[in-house]
Amino acid sequence: MTSLLISCNTTIDQSLPLQQSNKKDCRIIEHKMGKTEICGQPERIVVLGPYLLESLLALNVQPIAYADHIGFHQRDYDRPTEQIPYLGKYINQSIANVGVAYMPSMEAIFKTKPDLILSLDDNQEHYQTLSRFAPILMFSWNEPNENLKKIAQAVNRKESAEKILEETAKKIAKAKDELAKTITDYPDILLLYAQDLQELFINNNRGLCSSLVKELGFNLITISPSEASSNQRIPLSLEVLPQLNAAYSIIILGYDFQEPSEFKNAQEFNEYQLSNLQQQWLKNPITQSMGASQADRVYYVPAYLCIGLPGSISTELYLNELKKQLLTHQKS
């Protein structure tokens with residue numbers, strides 16, 4: 001009998017192996033930590049992070065346990081729609097809470113008896129421990145399409161993944177047509193990330209938040225040549241904003257995770273993320289001096305929608321939010 005020490009107070013009996021015993025229908029899947037063999041049809045899948053939960057749910061596969069990126073909820077997810085932002089409505093059963101994505105509870109994961117674990121490579125330090133529980137695949141956040149394909153391979157849904165990507169491309173093309181006049185009339189957009197006016201960032205080169213706006217045909221305003229080529233978020237002082245006044249429109253990707261709390265629905269979550277920031281923007285003389293503010297073309301979108309969820313479900317939600325707001329001011 002062997003044991004695995006999980007914490008100072010918890011020892012897990014490993015007399016029974018948790019690895020797959022069914023060696024039929026096996027496939028080798030490459031991921032950020034090497035190659036992993038997956039056999040049969042995984043049915044007890046633990047997902048660490050919303051970025052991967054999104055892909056699994058898009059493939060119409062249910063998890064048995066989940067670790068959110070933010071500790072919105074402390075107990076098991078017995079009412080997922082109310083407890084998991086945006087994605088909970090796609091979960092049709094109660095699932096276990098196994099901590100926070102980048103600091104998962106090993107004891108809680110072990111108790112779920114998983115046959116597959118999905119994680120970002122932020123958890124590399126936990127890889128050896130987690131791989132004793134079940135086959136594990138680790139991915140990078142900024143490769144959502146590749147992640148979808150590999151998760152689909154793991155759960156025997158390869159054709160579904162291709163269909164999802166094709167449908168997503170069609171939705172983007174349709175939105176581009178619908179926004180064509182807006183793009184022509186107001187081509188230059190300033191994309192800001194902000195918790196409040198003392199914490200402003202600009203980043204036009206990383207993730208769905210900026211890539212989708214550019215794919216639609218908008219031109220993202222930059223502060224400098226170095227910013228234009230950087231993949232990092234660059235701090236932006238409030239006093240610098242007037243230098244970016246060439247923007248016809250401003251999209252503010254707001255976030256507020258200082259006091260994570262449970263919420264009743266996505267709308268309540270949106271309001272919590274944006275309300276304080278929006279009030280600050282409307283009252284500040286510098287922000288109100290911007291041409292976009294004076295023209296009432298400042299739009300507020302939860303950053304979680306395109307950072308926490310970089311895949312197909314969020315692409316549709318983000319597209320719908322952009323269309324709803326930008327088309328309001330489209331010239332007739």
Side-chain angles (χ1 to χ4, degrees), residues 69-70 141-142 179 182-261 269-310 314 318 321-331:
H69 182 66
I70 304 291
W141 167 83
N142 60 346
L179 287 165
T182 300
I183 295 165
T184 299
D185 293 339
Y186 309 115
D188 297 329
I189 283 183
L190 174 61
L191 193 65
L192 296 175
Y193 300 76
Q195 175 169 307
D196 53 45
L197 296 188
Q198 304 308 311
E199 186 174 306
L200 296 172
F201 296 90
I202 187 170
N203 179 350
N204 291 343
N205 296 297
R206 188 167 184 263
L208 178 67
C209 299
S210 57
S211 66
L212 183 57
V213 175
K214 289 190 285 189
E215 190 171 355
L216 289 172
F218 290 102
N219 174 47
L220 293 185
I221 296 293
T222 60
I223 189 67
S224 67
S226 61
E227 188 278 324
S229 60
S230 174
N231 285 325
Q232 302 301 315
R233 292 197 309 173
I234 296 176
L236 192 69
S237 70
L238 190 60
E239 291 71 25
V240 172
L241 272 183
Q243 298 179 27
L244 301 167
N245 208 22
Y248 290 103
S249 308
I250 299 174
I251 297 175
I252 303 177
L253 297 160
Y255 55 91
D256 187 348
F257 301 128
Q258 291 188 357
E259 297 181 8
S261 59
F269 178 78
N270 288 354
E271 291 172 358
Y272 181 77
Q273 298 299 299
L274 301 174
S275 58
N276 184 52
L277 175 62
Q278 187 171 9
Q279 291 174 19
Q280 290 183 29
W281 188 276
L282 292 173
K283 293 178 180 178
N284 186 276
I286 295 178
T287 60
Q288 291 308 294
S289 72
M290 301 287 287
S293 291
Q294 295 176 7
D296 193 25
R297 287 197 299 273
V298 178
Y299 310 105
Y300 303 86
V301 178
Y304 192 93
L305 194 59
C306 52
I307 296 178
L309 309 175
S314 59
Y318 189 26
E321 193 63 36
L322 292 174
K323 287 192 296 182
K324 180 177 73 175
Q325 297 196 45
L326 293 172
L327 288 174
T328 301
H329 299 108
Q330 181 167 280
K331 292 179 180 178

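Just so we're clear, the structure is a prediction, and the values are computed from it rather than from any experiment. The figures here come from the full heavy-atom set of this structure, side chains too, leaving out hydrogens, waters and symmetry mates.
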Q294 atom CD, over 12 foreign heavy atoms within 6.0 Å: yes
Given L241, L282, L200, V298, the one that forms side chain to side chain contact (heavy atoms under 4.5 Å, CB included) with T287: L241
Contact summary for L208 and L309, nearest pair of heavy atoms: CD2-O, 3.9 Å
Minimum heavy-atom distance between Q280 and L197, given as atom pair plus value: OE1-N, 3.1 Å
Main-chain N/O of S289 paired to S293 side chain as donor or acceptor, under 3.5 Å: no
Nearest-0.5 Å distance, CG of residue L277 to CD of residue Q195: 9.0 Å
Test side-chain contact (heavy atoms from CB on, under 4.5 Å) applied to K214 and N205, step by step: CA-CA 10 Å; K214 289 190 285 189; N205 296 297; 3.6 Å; yes
N142 vs P310 side-chain heavy atoms within contact, under 4.5 Å: no
Verdict with supporting geometry, L326 and F218, side-chain contact (heavy atoms from CB on, under 4.5 Å): CA-CA 12 Å; L326 293 172; F218 290 102; 3.9 Å; yes
Closest non-hydrogen atom pair, Y255 against Q273: CA-OE1, 3.4 Å
Identified side chain to side chain contact (heavy atoms under 4.5 Å, CB included) partner of V213 from the options N204, N219, L220: L220
Euclidean distance, S249 OG relative to D185 CG, rounded to 0.5 Å: 10.0 Å
Nearest heavy-atom neighbours spanning L190 and I221: CD1-O, 4.2 Å
Pair C209-Y318, side-chain contact (heavy atoms from CB on, under 4.5 Å): steps then yes or no: CA-CA 8 Å; C209 299; Y318 189 26; 4.2 Å; yes
Validation row: W141, I307 side chains within 4.5 angstrom (heavy atoms): yes
Spacing of F201 atom CZ and Y193 atom OH [to the nearest 0.5 Å]: 11.5 Å
Euclidean distance, D188 CG relative to T222 OG1, rounded to 0.5 Å: 10.0 Å
Nearest-0.5 Å distance, CG of residue L244 to CD1 of residue I250: 8.5 Å
Test log, rule side-chain contact (heavy atoms from CB on, under 4.5 Å), inputs C306 and L253: CA-CA 9 Å; C306 52; L253 297 160; 3.9 Å; yes
L179 side, atom CG; K323 side, atom NZ - distance, nearest 0.5 Å: 7.5 Å
Shortest non-hydrogen contact from L322 toward L216: CD1-CD1, 4.0 Å
Where E321 and Y300 come nearest, the two heavy atoms and their spacing: OE2-O, 4.4 Å
